[in-house]
Amino acid sequence: MQIRVIMDNDAAIKALANFGLKKAPKIVAKTLNQTAEAVTNQLQRNIKRQFILRSKFTLRSTVSPCARPYKALNKASGRSIARMFSRAGSASPYLWKQEDGGIFAAKKGGAYPVATTKSRVSGSLRRAVRKAYRLPLQSLTDGEYGEIGDAFIGVPKGGNRKRGLYKRTSKALIKLRSLSAKNIRIKPRKFFARAVAKYGTPQFIDHKFSQIFNSEMRRKNG
């Protein structure tokens, strides 16, 4: 997902030149970086409000060196204003699925491994799945659950249990994953789109540019 905002601040750039300053690239870079930082901070606030954070990875993914954000390796820099850019985003694959939502179909003969509370730390939906029970994010078919100890995929005999990934214990069978969903529907969260709509606008960029421009003028004349 990429959202571009292009502004023409030629008049302000010319004003800088008339003042005898050679700081136009620095001011533009600051403007881009502070705008991307504002988007990133709002993105994190949106995620905290709408998403169950079971680990630190989700928020860290918005500032990861592997991501596309301002706080990573993509700060605007250099002397060429035309080539400057600054980004905000996430390195998390599931966060982008949550962003846009949609219906995701499992691969042929498979199903999505929906975790049960039994597989989670302390049996809580708000806690992460125990490390020993973690599985790939993609859909599963028989034989693809990897090394998970005394476990199997199937439908237990007797009762009305559905297909799933079960673990045998001395007392009972514990369902770690439900494997009955052939597709899943994810509601579009628009974490990022709403952050850009608030701060990645020409109006905000122009305001930020003016602030930095006036600060540099005061510093020069002070």
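Just so you know, these numbers use all the heavy atoms, side chains as well, and skip hydrogens, waters and symmetry mates.
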Notebook entry, point to check: Around atom NZ of Lys182, are there more than 12 heavy atoms of other residues, nucleotides or ligands at under 6.0 Å?
Noted result: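 Enclosed: over 12 neighbouring heavy atoms sit under 6.0 Å from NZ of Lys182.
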Next item on the list: Taking atom CZ of Arg49 as the centre, report whether more than 12 heavy atoms of other residues, nucleotides or ligands fall under 6.0 Å from it.
Entry: yes
Where is the tightest heavy-atom contact between [X] and [Y], given as atom of each residue plus distance?
X	Y	result
Leu179	Leu165	CD1-N, 3.8 Å
Arg161	Val155	O-CG1, 3.3 Å
Leu125	Ile52	O-CG2, 4.2 Å
Ile174	Lys118	CG2-CB, 3.5 Å
Ala195	Val39	CB-O, 3.5 Å

With the side chain counted from C-beta on, respond yes when [X] and [Y] share a heavy-atom pair under 4.5 Å apart, and no when they do not.
X	Y	value
Tyr199	Asn41	no
Arg177	Val114	no
Ile184	Ile103	no
Val121	Arg54	no
Tyr166	Leu176	no
Ser61	Leu95	yes

Can you tell me how far the [atom1] atom of [X] sits from the [atom2] atom of [Y], to the nearest 0.5 Å?
X	Y	atom1	atom2	value
Phe51	Leu59	CZ	CG	10.0 Å
Lys48	Leu43	NZ	CG	11.0 Å
Lys175	Leu173	NZ	CG	11.0 Å
Ile27	Ile212	CD1	CD1	7.5 Å
Phe204	His207	CZ	NE2	7.0 Å
Leu53	Gln44	CG	CD	10.0 Å

Check: Once the angle between the rings of Phe209 and Phe213 is folded into 0 to 90°, is it parallel (under 30°), tilted (30 to 60°) or perpendicular (over 60°)?
Finding: parallel
Next item on the list: Describe, in one word, how the ring planes of Phe192 and Trp96 are oriented to each other, choosing from parallel (under 30°), tilted (30 to 60°) and perpendicular (over 60°).
Entry: perpendicular
Is a donor on one side and an acceptor on the other found under 3.5 Å between the side chain of [X] and the backbone of [Y]?
X	Y	value
Arg163	Pro156	no
Gln50	Phe191	no
Ser119	Ala115	no
Gln98	Arg189	no
Asn214	Ser210	yes
Ser215	Gln211	no
Asn183	Ala105	no

May I ask you to check whether [X] and [Y] show a side-chain donor-acceptor distance below 3.5 Å?
X	Y	answer
Ser90	Thr62	no
Tyr112	Ser178	no
Gln42	Asn46	yes

Notebook entry, point to check: With a 4.0 Å cut-off, would you call Asp100 and Lys190 a salt bridge?
Noted result: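 Looking at Lys190 together with Asp100, the answer is yes, because their closest N to O distance falls below 4.0 Å.
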Margin query: Please enumerate all residues that pass side-chain hydrogen bond (donor to acceptor under 3.5 Å, both in side chains) together with Arg120, with sequence neighbours excluded.
Written below: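 Testing Arg120 for side-chain hydrogen bond (donor to acceptor under 3.5 Å, both in side chains), a comparison that skips the adjacent residues, returns none.
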